[in-house]
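Only heavy atoms go into these numbers, but all of them, side chains included; no hydrogens, no water, no symmetry mates. Each chain gets a letter, A, B and so on, in the order its sequence line appears, and its residues count up from 1.
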Amino acid sequence: MHVRLLRVSVLVPLLLGVFFALLVSTSGGAQASPAGTSVAPAAVEEPECVKPKERDDDTIHVQGCLRDKRGGGDKPVPGVTITVEDDQGKVVGTGETDETGLFDIPLPGSTIDVLGKTFTIKIDTKTLPEGTALQDPKQVSLKQKINLETDVFVTFPIDDKPEVESDLERALDLAVGGIVFSLCLAMAALGLSMIFGTTGLTNFAHGELITFGAIVAFWVDQWPGDITIGGLNITFVVAMVIGFVASGAFGWLNDKALWAPLRRRGTGLIAMMIVSIGLSIFLRNVYQYAAGANNRNYSQYGNAAPINWGWFTFTSRDVFVVVISVAVLGATVLALSRTRMGKATRAVADNPALSASSGIDVERVINVVWIGGAALAGLSGILLGLTQGFNYQLGFKVLLLVFAAVTLGGLGTIWGSIIGAFVIGIFIEVSTLFIPAELKYVGALVILILVLLVRPQGILGRRERIG
Amino acid sequence: MPAETNLPTNVEAATPEGLERSRAARAALKQVETEPGAKKPDPIVIADNITRTFGGLTAVDVEHVEIQRGVITALIGPNGAGKTTFFNLLTGFDRPDTGSWSFNGTSLNKVPAYKVARMGMVRTFQLTKVLAKLTVLENMRVGATRQRGESFFSAMFAPLWRAEEEANTEKANHLLERFLLIKKREDFAGELSGGQRKLLEMARALMADPELVMLDEPMAGVNPALKQSLLGHVKSLRDEGRTVLFVEHDMDMVRDISDWVIVMAQGKVIAEGPPDSVMGDQRVIDAYLGAHHDTALTFEEEERILAEAEKELEEEAESND
Amino acid sequence: MDFVSLFGDSIQQAIGPTAIVYALAAIGLNIQFGYTGLLNFGQAAFMAVGGYTMAAFVSTWGLSFWLGIVAGLGLTAVLALLLGIPTLRLRADYLAIVTIAAAEIVRQVVGSVSLKDWFGGQDGLQEFSDTFRSYNPFSDRIEVGTLVAWSANDAWVMLVGWTLVLLCCLMTWLLVRSPWGRVLKSIREDEDAVRSLGKNVYSYKMQSLMLGGMFGALAGFCVALRSAAINPSMFATDVTFFAYTVLLIGGAARVLGPVVGSIIFWFLITFLDLFFSQATNPSSGPLIPPSIMTETQASLMRFIFLGLALMLLMIFRPQGIFGDRKELAIDAR
Ligand SMILES: Nc1ncnc2c1ncn2[C@@H]1O[C@H](COP(=O)(O)OP(=O)(O)OP(=O)(O)O)[C@@H](O)[C@H]1O
Ligand SMILES: [Mg+2]
């Protein structure tokens with residue numbers, strides 16, 4: 001019977017992959033040329049910005065290159081005025097970028113005079129060419145302390161002129177991002193919750209299941225050559241499916257090699273929790289050993305062009321993530337509520353002893369749950385990696401949010417984990433309207449603590465039994 | 001440390017005044033009507049309109065019940081009647097949806113479990129809760145309430161609590177002797193047998209000098225020989241002037257030692273009275289015979305159980321909205 | 001391979017300032033987890049609040065060092081209250097998740113740009129150690145034999161640190177043999193039973209959380225003072241996990257467990273680290289060819305072993321290396 005559940009969960013994304021492929025091909029050239037390919041666009045060679053040679057006089061210069069790198073290009077931005085002020089606000093030097101985008105402003109006095117002082121480098125945004133602006137419009141000046149006896153090199157990233165967005169538009173944009181993130185989170189949370197529900201294990205190594213998917217998919221993605229069907233590049237879709245299946249197999253291995261033997265020995269839950277911490281540290285470092293610490297991106301959907309749809313703006317990548325995760329989540333929930341295996345799973349979660357005595361093979365149910373839970377986690381990692389890039393710490397970084405989602409929803413409840421994921425995911429994005437973006441995770445975790453204050457068993461959890 | 005109540009701290013034997021009081025209390029019971037919710041002449045616990053539901057299931061729905069002071073009251077009923085839940089509610093381990101109840105005239109609404117215990121109303125658990133990695137003696141010592149050495153600041157200065165500790169040890173030894181556990185004194189409680197754990201839990205409850213002892217199935221798993229001596233102990237509790245309320249499925253025991261029996265079925269009190277009259281009561285017989293019996297499940301029934309579990313889950317989800 | 005210096009350096013670490021920091025953190029965990037059964041996975045938060053309060057008092061607000069110490073201890077107690085109130089009535093795993101979340105909250109808040117003026121962002125704070133160092137009786141390097149040597153500052157941190165460790169152990173010992181400690185152990189075994197015996201379980205758990213947190217604050221002071229600097233990376237989630245490993249090596253619910261554990265832990269970690277870095281060092285003709293292990297990969301080996309060790313320890317010797325299985329405090333079987 002579990003074969004059926006598996007078949008459902010493997011087939012659905014496959015079918016969806018094909019469906020989505022059609023979607024992309026019909027939507028015409030909406031998608032930009034695949035990013036990540038090392039071939040530069042065949043444009044006119046732009047003059048390079050050459051850093052001036054070191055001088056042997058005893059002065060220090062402030063230098064920099066203004067280059068317009070939008071859309072993968074690298075064009076110089078000439079004629080922009082840059083000024084340097086000392087710590088009293090007195091202008092001590094000005095310069096203008098040349099045809100390669102270079103500016104070079106000597107500081108007054110010798111090295112000894114300026115060493116240890118702080119200067120402010122300002123860009124005159126009015127002199128920027130039409131249509132360009134600073135990537136961060138607020139950052140018109142940089143503070144720079146002179147610590148070493150060498151020239152300092154600074155830069156101001158150039159971007160599109162920012163359109164003035166209304167708060168509502170911003171909120172909607174953020175909500176789109178929030179939903180995409182929530183869906184990824186929900187898959188990981190559902191996986192964690194299923195495993196917790198049936199085994200009672202709070203698995204700190206769940207993050208490493210998430211990373212596993214991303215790494216396997218990346219490995220497949222890097223195979224030389226593209227995989228195409230009728231001219232359509234489906235490299236990533238293939239990588240995703242392989243990553244998904246491999247994650248399921250990894251879950252099976254986790255259970256068979258470690259957790260099932262521990263359950264047989266009657267190891268306590270807290271002890272198992274600590275074992276999972278050890279496993280997490282172990283796997284995370286093995287990943288780094290094998291894959292390095294660099295940030296990775298997949299070969300496709302790197303910079304998908306935005307699509308405007310009514311008030312919403314999203315990219316084909318967002319659509320891809322949403323379609324896949326909604327389908328997989330839907331399939332899982334359906335499987336849990338309709339199939340025999342799903343019902344057995346819920347019965348085991350409800351009361352393992354009773355289920356065992358009524359003829360359910362509890363160990364087999366748990367094993368299938370591990371396969372499914374790890375596959376969900378892996379897929380979540382693949383899609384998270386697609387939306388924001390990843391490294392060996394991907395899962396470890398989101399683990400806390402996954403825990404927060406599951407706890408918020410009520411430990412071990414299926415719907416709860418999905419709802420919790422949405423609360424956390426959307427909050428994280430939308431809250432940046434009110435709080436600094438760097439504190440958005442803090443906000444989500446504070447929400448978790450507040451909810452527990454009001455509703456200790458989580459949103460859908462139930463209280464424990466005594467006596 | 002002076003005990004809170006005016007009861008004798010020496011639990012060794014019945015005291016004359018205790019005996020006298022319990023005899024009077026039993027005599028007074030004779031006049032009580034054998035009706036559910038009957039008024040008692042000297043109630044120690046009074047409960048009104050207590051309800052507790054789990055999801056769609058009403059586990060407890062008690063309109064009115066009184067427990068007579070100084071006697072042994074048995075609470076019986078088929079499995080799932082709500083006895084344990086009622087215990088939990090009375091002792092503050094669970095909160096009822098509605099209702100009010102009092103102990104010695106003090107309302108216990110929203111009083112936390114540990115305060116209930118300190119007031120002199122101590123319970124044991126159906127599934128024994130011994131402190132496995134502590135020795136039997138340590139288990140007993142924890143039972144004593146209001147110890148000076150249990151506050152953080154005096155804990156670090158042994159002279160402040162040494163004398164009290166010795167007194168408690170003395171008392172523990174007496175009780176262990178009485179409950180035939182003295183040889184196990186230094187063993188870890190986790191190494192005791194099931195029946196011995198029951199005994200230890202009961203002895204530990206007595207360390208607190210409770211006025212009302214509430215025992216949830218004290219005889220489950222205790223061997224017949226020991227049962228007899230335990231029955232003696234329970235009776236001696238009464239003869240010291242304590243009140244006993246216990247849940248039990250063993251009808252012989254109920255008939256043997258209880259002065260009054262309260263019968264619960266499906267959360268309600270359906271009958272009350274002296275043991276003999278209650279056991280002949282038609283309502284009680286119906287309740288027991290009509291009750292669903294646990295039988296071994298066949299393979300074909302698996303589907304049905306899954307369906308039931310599913311329904312339950314759905315109900316729960318609904319009720320949680 | 002230079003085994004003499006390998007052993008020398010490992011011993012130096014095993015009794016050096018880092019070992020003290022982890023011993024103190026683990027003593028706190030021992031109270032909370034070993035004796036009370038509370039899963040505090042946010043010991044790093046308590047360390048950070050202690051360390052940062054002290055540092056900010058001196059270097060940001062120019063107040064007295066001693067006031068900073070007192071405030072640091074006070075604020076960790078407040079943190080324990082804040083975390084305990086929502087979670088101590090709930091099942092053990094809720095506390096675990098909330099404390100690990102709290103550790104992340106604290107770390108991100110002190111590292112944030114918004115509060116850079118107070119806590120110095122990712123760079124952290126410096127220049128708060130003058131008072132502490134002004135009491136330093138050592139003026140020279142301390143050398144023991146030819147193998148082990150400490151700077152005067154480290155020696156001073158070690159003198160104070162090990163004294164603190166001993167005092168904390170003494171306090172733990174006094175407490176756990178008292179009726180108070182007995183209630184903690186009982187709560188670890190079965191809190192409903194303890195409640196039925198008239199003890200305010202919630203209050204005891206809170207006391208345990210606060211006390212353990214304050215030991216954590218001492219660890220936070222040490223970590224900041226030994227390097228005369230404090231920054232968010234000192235309080236990563238792994239710090240708490242390492243402290244748990246330390247505790248479990250020495251044996252939970254044993255008074256000296258954290259001390260023994262910390263010494264062994266840091267000896268092994270340093271040994272592994274130096275061993276693999278020497279084995280892959282290209283200048284000395286590597287034992288292990290770079291195609292199998294590069295120098296960067298070599299630095300990961302100790303963590304790979306650590307993860308494995310934590311798993312194996314928990315599975316095969318949950319009572320710690322020297323513990324007695326019968327007294328095993330954790331439900332591991
Ligand atoms: N925490 C809980 N959650 C859901 N249902 C519960 C809970 N506690 C008790 N129940 C239900 O309430 C009913 C009464 O249970 P209770 O344990 O009080 O019965 P009991 O009379 O003590 O039975 P027994 O004689 O078998 O011990 C049962 O149907 C039980 O399933
Ligand atoms: Mg019961």
Stepwise side-chain contact (heavy atoms from CB on, under 4.5 Å) check, C:Leu175 with B:Phe152: CA-CA 8 Å; C:Leu175 283 170; B:Phe152 178 79; 3.7 Å; yes
Residue part contacting chain B, namely of C:Leu211, when any heavy atom lies under 4.5 Å: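 It is the side chain, since no backbone atom gets that close.
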Atom group of C:Tyr202 that falls short of 4.5 Å from chain B, counting heavy atoms: neither
Counterpart residues, salt bridge (charged side-chain N to carboxylate O under 4.0 Å, His left out), relative to B:Glu138 (two or more places apart):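 In terms of salt bridge (charged side-chain N to carboxylate O under 4.0 Å, His left out), with neighbours along the sequence ignored, B:Glu138 is linked to B:Arg141, C:Arg182.
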Point-to-point distance, once rounded to the nearest 0.5 Å, from NZ of B:Lys129 to CG of C:Leu197: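 That separation rounds to 11.5 Å.
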Approximate separation, where rounding is to 0.5 Å, of C:Glu191 CD and B:Tyr114 OH: 14.0 Å
Closest approach of [X] and [Y], non-hydrogen atoms and distance?
X: B:Ala155; Y: C:Trp180; value: CB-CB, 3.4 Å
X: B:Ala117; Y: C:Ser196; value: CB-O, 3.4 Å
X: C:Gly198; Y: B:Thr145; value: CA-CG2, 4.4 Å

Options C:Val201, C:Asp190, C:Leu184, ranked by heavy-atom pairs under 4.5 Å with chain B, top entry: C:Asp190
B:Lys184 atom NZ, over 12 foreign heavy atoms within 6.0 Å: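 Result for NZ/B:Lys184: open.
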Side-chain donor or acceptor of C:Glu189 paired with backbone N/O of B:Lys133 under 3.5 Å: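 Answer holds: yes.
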Step-by-step side-chain contact (heavy atoms from CB on, under 4.5 Å) determination, C:Lys199 to B:Gln147: CA-CA 10 Å; C:Lys199 322 284 180 221; B:Gln147 301 179 42; 4.2 Å; yes
Test side-chain contact (heavy atoms from CB on, under 4.5 Å) applied to B:Leu134 and C:Lys185, step by step: CA-CA 8 Å; B:Leu134 268 60; C:Lys185 286 182 256 179; 3.8 Å; yes
Which bit of [X] comes within less than 4.5 Å of chain C, counting heavy atoms only: side chain, backbone, both or neither?
X: B:Ala208; result: neither
X: B:Arg162; result: side chain
X: B:Ala144; result: backbone
X: B:Thr124; result: neither

Most contacts with chain C, counted as non-hydrogen pairs under 4.5 angstrom, among B:Met207, B:Glu201, B:Lys115, B:Glu165: B:Glu165
Candidate pair B:Phe93 and C:Asp192, rule side-chain contact (heavy atoms from CB on, under 4.5 Å), full reasoning: CA-CA 8 Å; B:Phe93 277 84; C:Asp192 279 333; 3.7 Å; yes
